[in-house]
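Here's the structure we're looking at; comments come further down.
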Number of protein chains: 2
Amino acid sequence: MALQGTVIRTIFQTAASFGAAFDTLCQLSGIRPEEISNSENMVEWEKAALIWVPLFKLSEDPLIGLHVGMGTDKLLHGMIGFLIQSCKDIDQCIRMLCRYGSMASPMVEYRYTVNEVATLEIAQHQMWLMKYPEPARHANDFLLAAVMNTCSALSGKRIVPLRIELAYKMRNISEYRKFFGCEVFFNKEANRIILSKEAIATPLLTSDQSMFELFNSIMADKQALLASNSTAENLKQVLFMQFKGRIPTIEEAAAALNMTVRHLQRRLLEEQTSFRNIAGIIRKEIAIQLMQNPSIKLSEISDILGYSDLTAFRKAFKSWTNATPKALRRTRV
Amino acid sequence: MALQGTVIRTIFQTAASFGAAFDTLCQLSGIRPEEISNSENMVEWEKAALIWVPLFKLSEDPLIGLHVGMGTDKLLHGMIGFLIQSCKDIDQCIRMLCRYGSMASPMVEYRYTVNEVATLEIAQHQMWLMKYPEPARHANDFLLAAVMNTCSALSGKRIVPLRIELAYKMRNISEYRKFFGCEVFFNKEANRIILSKEAIATPLLTSDQSMFELFNSIMADKQALLASNSTAENLKQVLFMQFKGRIPTIEEAAAALNMTVRHLQRRLLEEQTSFRNIAGIIRKEIAIQLMQNPSIKLSEISDILGYSDLTAFRKAFKSWTNATPKALRRTRV
DNA sequence: ATATATTTTACGCCATGGCTTTACAGGGAA
DNA sequence: TTCCCTGTAAAGCCATGGCGTAAAATATAT
């Protein structure tokens, strides 16, 4: 899992105005400038997640994510960036973000629903939230602010949401209100931008139908290409991306892959693996990731992975790693 | 722990209009009519909690508690009933209910706060809620309705709350709305009646200052008499009544008993016991009560008692009972 | 390809031993 | 009475073995 490199470049460049030199940030984040100069290049998710640590240290700004997002008027670059700026209105922009956003940042899922109001939910992967809670918060603030800024920049009008809902604790609410221009609620169940139907109907100044169709076609082809992996790889993707407190059942996974359970089992058998095998791999990966945050207790990791019994988790862990959790934590320090 | 017997008599008499004969209810509840004919007599808490089971079976009414409460215009009887009807206004009524209510129904705590609005919270003991969730719901509905009905009856005006908040799932909301005459919210964190300041300032038709002072003096003396137990008994009372997910610490208990930690330890030593000893007794008692509901898992009981580790709970349980939890559940079936 | 039946495996639940840490017990001085 | 200090017991955390059950694997018939 990774993040489009140029998003990081944008963040670092914008942060220069907060007293943080571009080169210093690269160095402190372990990122070479060439890694983030090309919109096709992806940066490993942990490197991307942790850029906020030096950013915070250097700026001493508890709202560094929000402030950097304020200064970002182009969230994504390259092909997807061109696609978005060619959309006809804000609504289509957000739909394209939802459809292709995961190609640029697979650790974030964008969900969009339109009823009386339009709701865009930004869902970071739970593993990221658990392992690096504070950097995840800055990243989310950044995304929200950058999304709104980008919408305003492309439409030539200040787009004001109906309200913002944030899943974390309040922190200097007046800064949020000032930037978004609407009420902001903390401690909500998810991170959401709620927009009016008028707002999402706002046309873009940069709209270009033929360019839109061109870029959309290219993106769709690219997405299809990425998807033509082995069944095992696709299954891993599904299990990992749709992980929310428990591994999906084989029925759910088969449905997500548009095949029957028995067919999925046959395909996996052809590839010398099984659903149970893949599910174990995903659990192991998430467990080991979370164990690298020493403040996360073993019982929490067990709960997160869907085990209702700690002894069962211990046994499973031993079977994956041939080591006990404590022993593995010792070796990884 | 018990409940003022005449409250049950009132419930049974009111339920007669729902097709349930008084004698039948007594028989099905294992309660002799003499037990509930005297306002000074108390009925064991489990008998009192379980009266709703036959009531529900006979009436087949999922809102039996609410409906019986609707027909009850005198919540408490005897001395405390006279005290309440002698109050000057609704506000004083509720204060007396909070102060002396636990003498009539120790398994319920009434909490009252007045800010912009007046909030009366009715908190049933957690052990009751866990062991008998459905009867607890009926009892709570009954209490809420009876409290409002009693207020209206004593003041000669229909007292309409600002809103009602209930901690359980929605069930035929229109019946609640119709009776209370205000909005009702379910799935809230506690059971509360929210009243306006105008409502609580409503004077009682039955107000009598000299009778109030007489009954208040008698109740205060009686409460003081009940309290002049051994330190161990008082501590048990405090630990049990203030149990909310964990046993209070020795500091908290000492503060509740108006003495220092060291003084409490000395008093208990004089009575050949200790805080740890008393705390263990309370934990054991709650654990055994909850284990009698087979749908409550051991891990839930462990959590409820404040253990963050199931193996520690198992060990403690063995030390209290000389039996494993499963073995004890087998013998008690 | 699906449906059914049988087999296998991993999770849920139970119980216990071991080690560390922390809350309490209790003595004693002021 | 308060304050301080030392010792101890119980809770927190770790790890493992055992047994039953349900989900998944797989064989087989259609």
Side-chain angles (χ1 to χ4, degrees), chain A residues 235 246-254 259-270 272-280 283-284 291 294 296-303 305-330, chain B residues 235 239 246-254 258-280 283-284 291 294 296-303 305-321 323-330:
Chain A
L235 177 59
R246 67 174 179 80
I247 290 284
T249 63
I250 194 172
E251 278 85 11
E252 291 162 340
M259 62 181 78
T260 64
V261 168
R262 196 65 192 89
H263 187 58
L264 173 60
Q265 283 172 330
R266 283 206 188 86
R267 293 283 295 268
L268 292 171
L269 189 55
E270 284 165 8
Q272 270 85 54
T273 188
S274 66
F275 175 85
R276 247 182 196 157
N277 204 19
I278 304 293
R283 285 195 182 99
K284 174 185 175 183
M291 286 179 72
I296 304 179
K297 298 199 297 180
L298 205 71
S299 56
E300 288 179 276
I301 298 173
S302 170
D303 286 345
L305 284 171
Y307 288 88
S308 56
D309 181 62
L310 184 49
T311 60
F313 172 69
R314 287 181 182 282
K315 280 176 175 171
F317 190 88
K318 189 81 175 286
S319 77
W320 305 329
T321 63
N322 277 324
T324 66
K326 185 171 189 176
L328 191 127
R329 253 179 168 156
R330 276 188 178 135
Chain B
L235 177 60
L239 295 190
R246 67 174 178 81
I247 289 285
T249 63
I250 192 171
E251 278 85 11
E252 290 161 341
N258 289 321
M259 59 182 78
T260 63
V261 168
R262 196 64 192 93
H263 187 58
L264 174 59
Q265 283 172 333
R266 285 209 183 84
R267 293 283 296 269
L268 293 172
L269 189 56
E270 285 164 7
E271 297 173 22
Q272 270 85 55
T273 187
S274 66
F275 174 86
R276 250 180 195 158
N277 203 20
I278 305 293
R283 284 194 184 99
K284 174 186 175 184
M291 286 179 73
I296 305 180
K297 298 198 299 181
L298 205 71
S299 56
E300 288 178 276
I301 298 173
S302 171
D303 286 346
L305 285 172
Y307 289 86
S308 56
D309 181 61
L310 183 49
T311 60
F313 172 70
R314 286 182 183 282
K315 282 178 177 172
F317 190 89
K318 188 82 175 287
S319 76
W320 304 330
T321 63
T324 65
K326 184 171 191 178
L328 192 127
R329 253 179 167 157
R330 277 185 177 138

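Any value given below was found using the heavy atoms of this structure, including those in side chains, with hydrogens, waters and symmetry copies removed. Each chain gets a letter, A, B and so on, in the order the sequences are listed, and its residues count up from 1.
Counting to the nearest Å, the P atom of D/dA10 and the NZ atom of B/K318 are 15 Å from each other. Put simply, CZ on B/R266 is 12 Å from P on D/dC3, counting in whole angstrom units. Taking atom CD on A/Q265 and atom C1' on D/dA25, their separation rounds to 6 Å, with Å as the unit. Nucleotide D/dC14 holds its P atom 12 Å from the CZ atom of A/F317, rounded to whole Å. In this structure, B/L264 atom CG and D/dT1 atom P are separated by 12 Å, rounded to whole Å. A straight line from CD1 of B/I278 to C1' of D/dA9 spans 16 Å, rounded to a whole angstrom.
Within the helix from C/dA1-D/dT30 to C/dA30-D/dT1, the inter-axis angle between the opening and closing five-pair segments is 30°, rounded to 10°.
A/T260 pairs by the side-chain hydrogen bond (donor to acceptor under 3.5 Å, both in side chains) definition with nothing, not counting sequence neighbours. When the side-chain hydrogen bond (donor to acceptor under 3.5 Å, both in side chains) test is applied to B/S302, no partner is found at least two apart in sequence or on another chain.
DNA chain D is contacted by B/G306, B/Y307, B/S308, B/D309, B/T311, B/A312 of residues 306-314 of chain B, taking any non-hydrogen atom closer than 4.0 Å.
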Can you give me the N/O atom pairs linking the protein to nucleotides 19-22 of chain D at distances under 3.5 Å, or say none if there are none?
none

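Reading DNA chain C from its 5' end, the first and the last nucleotide to sit under 4.0 Å from a heavy atom of chain B are C/dC13 to C/dG28.
Using a 4.0 Å heavy-atom cutoff across all strands shown, B/S299 reaches no nucleic acid atom at all.
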